[in-house]
2 protein chains.
Amino acid sequence: MGTDIQETFRALADPTRRDILNMLSHEDMTIAQVAGHFDMTRAAVKKHLNVLEQGQLITVRTSGRERINRFHPEGFKPVFDWLGYFDGFWDDRLSALKNAIETKDTSDD
Amino acid sequence: MGTDIQETFRALADPTRRDILNMLSHEDMTIAQVAGHFDMTRAAVKKHLNVLEQGQLITVRTSGRERINRFHPEGFKPVFDWLGYFDGFWDDRLSALKNAIETKDTSDD
DNA sequence: TTAAATAGATACCAAAAGGTATCATGTCAA
DNA sequence: TTGACATGATACCTTTTGGTATCTATTTAA
């Protein structure tokens with residue numbers, strides 16, 4: 001568990017889910033709020049949110065009857081780690097980025 | 001055409017294809033050579049290579065009856081560009097990486 | 001308390017994805 | 001030229017994926 005890179009890559013492979021990530025990076029949103037931006041049912045959006053949660057790209061907290069989805073940038077770490085295998089192709093400047101991610105990871109909420 | 005980000009993310013979403021990319025980052029390989037590393041048919045490997053080519057993550061050249069697959073790191077550019085939307089979350093150190101990619105892009109072979 | 005709002009859970013469906021098997025084509029080498 | 005080899009192209013199958021519809025549960029507010 002934890003850093004299942006496959007789940008993260010899978011989560012990123014859908015355009016709707018990438019759009020959702022962009023939206024959530026600006027503000028936390030409930031399922032209904034996210035669904036309001038798409039021409040699809042709330043159930044379909046919920047499925048996408050489930051996939052994003054499995055990929056650890058969002059976290060979810062419950063507030064009353066609402067389910068609030070929050071962007072979780074630390075979830076990108078396995079992706080950057082994987083990209084790191086190709087260091088030789090883009091020098092080693094990738095490590096700076098990886099450090100940036102890892103530093104961010106120390107914050108909690 | 002050109003930089004279809006969806007095709008690139010799609011190509012990265014499969015573990016076999018990510019393995020293939022790692023292999024090709026070390027040396028160019030024919031279809032048969034790639035297939036030799038997996039417990040699946042040559043046709044299946046060929047499909048994966050097609051997806052990687054559509055995602056612009058590899059290039060293909062023909063030499064006689066052989067089809068030689070080459071890692072194409074520039075294909076990652078749309079991915080890094082997309083990640084750039086989240087600059088605010090990991091400072092702006094991502095731009096260093098993007099510059100690295102773009103610089104590499106000027107090389108030919 | 002009761003009605004409306006938010007969300008969860010299933011069942012179901014069509015299309016895409018990952019894979020195999022098979023046959024056709026082009027190429028190297030004796 | 002002829003046979004073996006590397007690949008291309010289809011057809012087909014199964015599972016996963018993205019989506020809808022429907023029903024249930026919980027929570028808020030009048």
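What you see is a predicted model; the values in this text were computed from it and never measured. Residue numbers begin at 1 in each chain, while the letters A, B, ... track the order of the sequences. Only this structure's heavy atoms are used, side chains among them; waters, hydrogens and symmetry mates stay out.
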Mind jotting down which residue pairs meet the side-chain hydrogen bond (donor to acceptor under 3.5 Å, both in side chains) criterion with at least one end in residues 38-47 of chain A? Sequence neighbours excluded, please.
-> K46(A)-N50(A)
Whole angstrom is fine here: how far is it from [atom1] in [X] over to [atom2] in [N]?
{"X": "L49(B)", "N": "dA6(D)", "atom1": "CG", "atom2": "C1'", "answer": "14 Å"}
{"X": "R18(B)", "N": "dG18(C)", "atom1": "CZ", "atom2": "P", "answer": "11 Å"}
{"X": "E66(B)", "N": "dC5(D)", "atom1": "CD", "atom2": "P", "answer": "13 Å"}
{"X": "R67(B)", "N": "dG8(D)", "atom1": "CZ", "atom2": "C1'", "answer": "9 Å"}
{"X": "N50(B)", "N": "dA9(D)", "atom1": "CG", "atom2": "P", "answer": "9 Å"}

Could you list the residues that satisfy side-chain hydrogen bond (donor to acceptor under 3.5 Å, both in side chains) with R10(B), not counting sequence neighbours?
-> none
Could I get the full list of side-chain hydrogen bond (donor to acceptor under 3.5 Å, both in side chains) partners for E53(B), not counting sequence neighbours?
-> R67(B)
Would you list the protein and nucleotides 28-30 of chain C atom pairs, both N or O, that sit under 3.5 Å from each other?
none

Taking salt bridge (Lys or Arg N to Asp or Glu O under 4.0 Å) as the test, write out the residues that go with D28(B), two or more places apart.
-> R61(B), R70(B)
Results of salt bridge (Lys or Arg N to Asp or Glu O under 4.0 Å) for R17(A) - residues two or more places apart only = none
Mind jotting down which residue pairs meet the ring-ring contact (aromatic ring centres under 6.0 Å, His included) criterion with at least one end in residues 38-68 of chain A? Sequence neighbours excluded, please.
-> none
Indicate the atoms forming the closest heavy-atom contact of G75(B) with T8(B), along with that distance.
-> O-CG2, 3.6 Å
Nearest heavy atoms of R18(B) and L12(B), plus distance in Å = NH1-O, 2.8 Å
Letter by letter from the 5' end, nucleotides 14-20 of chain D scores (B base, S sugar-phosphate only, - none; protein heavy atoms under 4.0 Å) ---SSBB
In chain order, what residues pass the side chain to side chain contact (heavy atoms under 4.5 Å, CB included) check against Q33(A), with sequence neighbours excluded?
-> M29(A), T30(A)
Check each residue of residues 23-31 of chain A for a non-hydrogen atom within less than 4.0 Å of any atom in DNA chain C, then write out the ones that pass by number, or none.
-> T30(A), I31(A)
Hey, do the aromatic rings of F86(A) and F71(B) have their centres closer than 6.0 Å?
-> yes
Q56(B) side chain to P73(B) main-chain N or O, any donor-acceptor pair under 3.5 Å?
-> no
Using 30° and 60° as the class limits, which term best fits the ring planes of W82(A) and Y85(A): parallel, tilted or perpendicular?
-> perpendicular
Just how far is it from atom CD1 of I58(A) to atom CD1 of I20(A), taken to the nearest 0.5 Å?
-> 7.5 Å
Between the axis at one end of the helix from dT1(C)-dA30(D) to dA30(C)-dT1(D) and the axis at the other (five pairs apiece), what's the angle to 10 degrees?
-> 20°
